[in-house]
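Worth saying up front: this structure is predicted, and the values here are computed from it rather than measured.
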Amino acid sequence: IAGGAYLVLVTRLDAGHVLLAGRAASGSRSLADAVGRAASTALIFTLPAALFLAIWLGRLANARLASVAAVAGKVAGGDLTLRAARDGSGDAFDRLAGSINAMLDRIELLVGELRILSDSLAHDLRSPLTRMRARLEAARANPAETETALDVMSAEMDRLLALLATALQISRAEAGVGREHFTRSDAHALLDDVAEIFGPAAEDAGVALDVAAGAPVLVTLHRPLVQQALANLIDNALRHAAGATHITLAARLAGDGVDLVVTDDGHGIPADQRQVALSRFGRLDPARGSEEVGGAGMGLGLALVQAVARLHGGTVTLDDAGPGLIVVLHLPRQAQDAG
């Protein structure tokens, strides 16, 4: 056909007729050529832009990672006060910096507690060892004092072994050792067991020890450690809650988990000294009836309670019972059995 190329569609009709339909092919070719030229032009301009953008993003990511790596290197060198910079954007790098900072906060806390533990252990071991040495010297000078010296040394050794055992329990709990021993237990049954053990000691001290009634509260926990933590709280109340006549144990559902509560009606602990009481080897003034706080007067009782709480992902809070002290061991929802 004159005038250029055409695309023709042939359709056969009735009575031998044929229908021809067609269009010029030059329009399609022109469109295809135009699209090709546009694509080539776009490629010429966008390829350098894309390459530049990729290089810029790579350098930006490298700078952000280099900043974090620099902080990590200085922390490895011993400076635990440094933290990774955050821009508040909430992107992956900002979240990474936040996670690293949280990890560094935890490391700084543990290293600080380790230093305190080392210093305090050295201080607390010096006195009983000095007394034991003095007793040995006295027994050597006077054989008649040998039996008395051995009795005193035996008591000192028991105290030292208890000190080291408690410090080991705290260290193991802080390190997360024991999560594989979590079991499902009824919190009220646990409180009943603890109250049964400490009932005679409380009665001898003239203190009433009660467990508040309540519906069963199922919770997944490390039963021996939680039982030891509750025992420490009761022992602290019996030893140091001057004027206390009543101790109450309770278990209750909290908004996001379970609270185990120990309340006494003694003199309590002043608000500005509660953090000291929770620290390892914490020592308070005589306001609570003793110059020492903690299991057997070692300053580790409440520290063990806090370590057990951290093992479960929980918290320990001290508050005023008006009068007295209320200690809440909170176990979060992930430690609670869903059933």
Please, which pairs that meet salt bridge (charged side-chain N to carboxylate O under 4.0 Å, His left out) have at least one residue in residues 186-207, sequence neighbours excluded?
D193-R223
Could you tell me whether the side chain of L65 reaches within less than 4.5 Å of the side chain of F93, counting heavy atoms only?
yes
Roughly how far apart are N101 CG and E108 CD, rounded to 0.5 Å?
11.0 Å
For a quick test of reading the model, state the closest non-hydrogen atom pair linking A195 to V211 and the distance between them.
CB-CG2, 3.6 Å
Measure across L329 and A309 and return the closest heavy-atom pair with its distance rounded to 0.1 Å.
CD1-CB, 3.5 Å
Just to verify, what does Q228 make a side-chain hydrogen bond (donor to acceptor under 3.5 Å, both in side chains) with, not counting sequence neighbours?
N232
Hey, what's the ring geometry for F182 with H222, parallel, tilted or perpendicular (30° and 60° as the breaks)?
perpendicular
Could you pull out all residues at least two apart from S154 that satisfy side-chain hydrogen bond (donor to acceptor under 3.5 Å, both in side chains)?
none
Between D265 and H246, does any side-chain donor sit less than 3.5 Å from a side-chain acceptor?
no
So among V262, L233, T263, which one has a side-chain contact (heavy atoms from CB on, under 4.5 Å) with I247?
V262
L230 side, atom CG; L225 side, atom CG - distance, nearest 0.5 Å:
11.0 Å
Under the side chain to side chain contact (heavy atoms under 4.5 Å, CB included) test, which residues partner A187, sequence neighbours left out?
V217, V219, A251, L260
Return the minimal non-hydrogen interatomic distance between A97 and A85, and the atom names on each side.
CB-O, 3.7 Å
Got a second to check how far S185's OG is from L218's CG, nearest 0.5 Å?
8.5 Å
Tracing side-chain contacts under 4.5 Å among Ile, Leu, Val, Met, Phe, Trp and Tyr outward from V261 reaches I326, V328
What salt bridge (charged side-chain N to carboxylate O under 4.0 Å, His left out) pairs are there with at least one residue in residues 87-104, not counting sequence neighbours?
R64-D87, R64-D91, R86-D94
d(E137 CD, N142 CG) to nearest 0.5 Å is 13.0 Å
Is there a path from L129 to V152 through hydrophobic residues (I, L, V, M, F, W, Y) whose side chains come within less than 4.5 Å of each other?
no
